[in-house]
Amino acid sequence: MAHTIFVLNGPNLNLLGKRQPEIYGGETLADVEAECRRVGNEFGFTIEFRQTNAEFQLIDWIHEARESADAIVINPAGWSHTSVAVMDALAACTCPILEVHISNIHRREEFRHHSYVSSVAAGVICGFGTHGYPLALQHLAKRFGA
Ligand code: CA2
């Protein structure tokens, strides 16, 4: 049976490729989605790719993923560093959670060095640009034997 992977994106990632390319690169979120679908397809994954600027919406999607996803790939963006609520929602999931950051948060401002989400993630990928997303999917393919 096909594995369903929720790829969830937090606030301001809709601006990807439109500002700050020196930090986040030139690809848009639509490009990232297309790449996730291409790679996901290779492994027979069903990809649910979403972005929101509303914290309650992300929490509702995590609750949905809790019921129907085999894994969650999440870039919580700014909420990584602030949101106990997003961490709590993820902690209620039994499926693997892979945290992705486009930039290397550890060589940026001190306030980005801590992520609440990392404490509930199976693994964290950061600093590989948007390539972090397909890397996360490749890991899941290996994990699931897909
Ligand atoms: O490196 C990442 O992926 C981040 O999660 C991105 C977040 C930032 O708050 C985290 O510390 C690290 C910011 C997402 C906003 O992305 C933008 C992209 C282009 C222009 C403006 C914002």
Test: side chain to side chain donor-acceptor pair (under 3.5 Å). Region: residues 77-86. Which pairs qualify, not counting sequence neighbours? E55-S83
Once you round to the nearest 0.5 Å, how far does SG of C93 lie from CD1 of I62? 6.5 Å
Output the rest of the hydrophobic cluster of F111: all Ile, Leu, Val, Met, Phe, Trp and Tyr residues reachable through side-chain heavy-atom contacts under 4.5 Å, sorted by chain and number. none
Decide yes or no on side-chain hydrogen bond (donor to acceptor under 3.5 Å, both in side chains) for N75 and Y133, but give the supporting numbers first. CA-CA 9 Å; N75 183 345; Y133 290 79; 3.3 Å; yes
At what distance, to the nearest 0.5 angstrom, does CG of L16 lie from CD of Q20? 10.5 Å
Any residue meeting salt bridge (charged side-chain N to carboxylate O under 4.0 Å, His left out) with E33, in chain and number order, not counting sequence neighbours: R37
Contacts of T28 that satisfy side chain to side chain donor-acceptor pair (under 3.5 Å) - sequence neighbours left out: D31
Taking side chain to side chain contact (heavy atoms under 4.5 Å, CB included) as the test, write out the residues that go with N14, two or more places apart. Q51, N53
What pairs of residues pass the ring pair (Phe, Tyr, Trp, His ring centres under 6.0 Å) test when at least one of them lies in residues 1-56, not counting sequence neighbours? H3-F144, F43-F45
Where the side chain of Q57 meets the backbone of T52, is there a donor-acceptor pair that is under 3.5 Å apart? no
Going by salt bridge (charged side-chain N to carboxylate O under 4.0 Å, His left out), name the residues that satisfy it together with E110, two or more places apart in sequence or in a different chain. none
When rounded to the nearest 0.5 Å, the distance separating NE2 of H101 from NE2 of H106 is 7.5 Å
Only pairs at least two apart or in different chains count here, so list each salt bridge (charged side-chain N to carboxylate O under 4.0 Å, His left out) that has a residue in residues 56-79. R50-E64
Residues two or more places apart in sequence or in another chain: which of them pass side chain to side chain contact (heavy atoms under 4.5 Å, CB included) with T46? A2, T4
Show every salt bridge (charged side-chain N to carboxylate O under 4.0 Å, His left out) that has at least one partner inside residues 19-28, sequence neighbours left out. none
Taking side chain to side chain contact (heavy atoms under 4.5 Å, CB included) as the definition, give me every residue that meets it alongside V120, ordered by chain and number, with sequence neighbours left out. M87, L90, A91
Got a sec, which residues hit salt bridge (charged side-chain N to carboxylate O under 4.0 Å, His left out) with R38, two or more places apart in sequence or on another chain? E35, E42
